[in-house]
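Reading through the structure tokens given below for one structure.
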Amino acid sequence: VNGVRAVVKKGLLDWLDHERPDILCIQETKAHTDQLSSEILQDHGYKTYWHSGERRGYSGVATFCKEEPLYVQEGLGIEKYDREGRVLLTEHEDFLLYNIYFPNGQKDDVRLQYKLDFYDDLLPIINEQVESDNNVIVTGDWNTAHFPIDLARPKENIRTSGFMPVERERLDTYVDNGWVDTFRLFHPEPHRYSWWSYRMGARDRNIGWRIDYFFVNGSFAESCIDADIHDDVMGSDHCPISLSIENNSS
DNA sequence: TCGAACACACC
DNA sequence: AATCTTGCGC
DNA sequence: GGTGTGTGCAAGCGCAAGATT
């Protein structure tokens with residue numbers, strides 16, 4: 001969301017009150033909870049969980065739940081990532097939910113490698129949970145467009161972090177391991193993006209990237225009834241994405 | 001990150 | 001306490 | 001002169017922290 005405090009000023013809570021999702025996952029909160037008021041922490045009726053980076057004003061994720069999760073974990077359990085406040089795991093009745101702000105690799109080779117390591121280290125963890133009979137959803141800002149259809153300028157960005165072959169190969173590996181990009185189940189069409197540069201009026205011209213996903217394990221994909229991108233919602237350089245799941249109880 | 005503005009090929 | 005400047009990270 | 005590639009450089013926002021008032 002490029003700063004929760006900024007998007008609250010721009011109407012996040014009105015939008016939340018209108019949409020009332022069962023669960024809301026946000027990334028790049030850029031705030032510690034002691035910097036936030038009760039209007040965003042709790043007054044809306046959701047239980048909220050926060051994982052913030054050590055560095056003030058940087059990174060951070062939050063998960064809002066109508067129903068209290070069975071279990072909440074801050075971080076992946078790997079120190080070098082957890083210092084940056086990138087992961088919230090919540091357990092729900094029918095699935096585990098990872099809310100993740102994947103690293104950005106554009107600053108230098110060190111950060112690119114850090115990003116690639118994150119992909120490599122996350123995969124065995126979630127694979128193991130599926131093997132243990134859990135359904136798993138991994139959502140958030142993945143910071144990588146997988147295929148040329150997923151960004152407006154594929155040829156121009158082959159050497160830009162976010163669409164480099166090494167990064168795309170990591171997503172290939174997720175797919176090879178049975179993980180499903182749910183948006184494409186329902187939307188084969190091009191020109192559907194979830195992020196646009198603030199600069200150069202990129203959003204007005206839809207020069208964007210699809211870098212936000214809901215990946216789910218293969219068998220759970222059958223329970224997904226819709227996935228979408230809501231590019232009419234303003235307030236950030238990203239727009240919301242959604243996943244709808246079959247309701248088995250009631 | 002995008003694309004205007006250049007440089008420099010190469011016929 | 002409010003405003004400005006610089007710097008960082010997208 | 002036209003077309004095609006390749007490279008440096010400007011480009012919005014949100015936030016922190018220090019300086020100035």
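Every chain is numbered from 1, with letters handed out A, B, ... down the list of sequences. Side chains are part of it too, since the values below use all heavy atoms of this structure and drop only hydrogens, waters and symmetry mates.
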Query raised in the report: Does atom CG of Asp109(A) have more than 12 heavy-atom neighbours from other groups under 6.0 Å away?
Result: no
Query - Protein-nucleotide distance (Leu112(A), atom CG; dC10(C), atom P), rounded to Å - result: 12 Å
Requested in this report: Look only at the side chain of Asn143(A) and the backbone of Phe102(A), and say whether a donor-acceptor pair between them is shorter than 3.5 Å.
Outcome: yes
Query - salt bridge (charged side-chain N to carboxylate O under 4.0 Å, His left out) contacts touching residues 158-176 of chain A (sequence neighbours left out) - result: Lys115(A)-Glu167(A), Asp120(A)-Arg170(A)
**Report entry** Between P of dT7(D) and NZ of Lys155(A), the distance in whole Å
**Finding:** 17 Å
Report task. Please assess Asp181(A) against His146(A) for the test side-chain hydrogen bond (donor to acceptor under 3.5 Å, both in side chains), listing each intermediate value before the final yes or no. Result -> CA-CA 10 Å; Asp181(A) 170 9; His146(A) 196 174; 5.7 Å; no
Query raised in the report: For every nucleotide of nucleotides 11-18 of chain D, 5' to 3': is a protein heavy atom under 4.0 Å from its base (B), only from its sugar-phosphate (S), or from neither (-)?
Result: BBSBSSS-
Report summary line: chi for dA11(D) classified (syn = within 90 degrees of 0, anti otherwise) as syn
Query raised in the report: If pairs are Watson-Crick or G-U with both distances under 3.5 Å, what is the dot-bracket string of DNA chain D, marking crossing pairs with [ ] and pairs to another strand with |?
Result: |||||||.|..||||||||||
Query - Between dC2(B) and dG4(D) - P atom distance, rounded Å - result: 22 Å
Query raised in the report: Between Arg205(A) and dG3(B), is there a side-chain N or O to OP1/OP2 distance below 4.0 Å?
Result: yes
Requested in this report: Quick one: sort the His191(A) and Tyr193(A) rings into parallel, tilted or perpendicular, breaks at 30° and 60°.
Outcome: perpendicular
Query raised in the report: Would one find a side-chain N or O of Trp196(A) under 4.0 angstrom from OP1 or OP2 of dC10(C)?
Result: no
Query raised in the report: Expressed in whole Å, how much space separates the P atoms belonging to dT7(D) and dC10(C)?
Result: 25 Å
Query - Whole angstrom value for the distance that separates C1' of dG6(D) from CD1 of Ile158(A) - result: 14 Å
Query raised in the report: Rounded to the Å, how far apart are Phe102(A) CZ and dC10(C) P?
Result: 15 Å
Requested in this report: Applying salt bridge (Lys or Arg N to Asp or Glu O under 4.0 Å), name anything that partners Lys10(A), two or more places apart in sequence or on another chain.
Outcome: none
Query raised in the report: Say you pick atom C1' in dG14(D) and the same atom in dG3(B); how far apart are they, in whole Å?
Result: 24 Å
Query raised in the report: Where the side chain of Arg55(A) is defined as all heavy atoms beyond and including C-beta, which of dC8(C), dC2(B), dC10(C) is the nearest nucleotide?
Result: dC8(C)
**Report entry** N/O donor-acceptor pair under 3.5 Å between His51(A) side chain and Val87(A) backbone
**Finding:** yes
Requested in this report: Take the protein atom CZ of Arg111(A) and the nucleotide atom C1' of dC8(C), then report the distance between them rounded to whole Å.
Outcome: 13 Å
Query - Contact under 4.0 Å: Asn157(A) side-chain N or O vs dC2(B) OP1/OP2 - result: yes
Query raised in the report: Are the side chain of Arg210(A) and the backbone of Ser194(A) linked by a donor-acceptor contact shorter than 3.5 Å?
Result: no
Requested in this report: Could you name each residue pair satisfying salt bridge (charged side-chain N to carboxylate O under 4.0 Å, His left out) that touches residues 218-245 of chain A, not counting sequence neighbours?
Outcome: Arg192(A)-Asp228(A)
Query raised in the report: Can you check whether Lys30(A)'s main-chain N or O pairs, donor with acceptor, with Arg5(A)'s side chain at less than 3.5 Å?
Result: yes
Requested in this report: Let me know the distance between NZ of Lys115(A) and P of dG9(C), rounded to the nearest Å.
Outcome: 16 Å
Show me the protein contacts with nucleotides 2-6 of chain C, counting only N or O atoms at under 3.5 Å.
none

Query raised in the report: Once you round to the nearest 0.5 Å, how far does CZ of Phe64(A) lie from CD1 of Ile26(A)?
Result: 4.5 Å
Report summary line: Its glycosidic angle compared against 90° from 0, dA16(D) adopts the form anti
Query raised in the report: Quick check, are the ring centers of Trp179(A) and Tyr213(A) under 6.0 angstrom apart?
Result: no
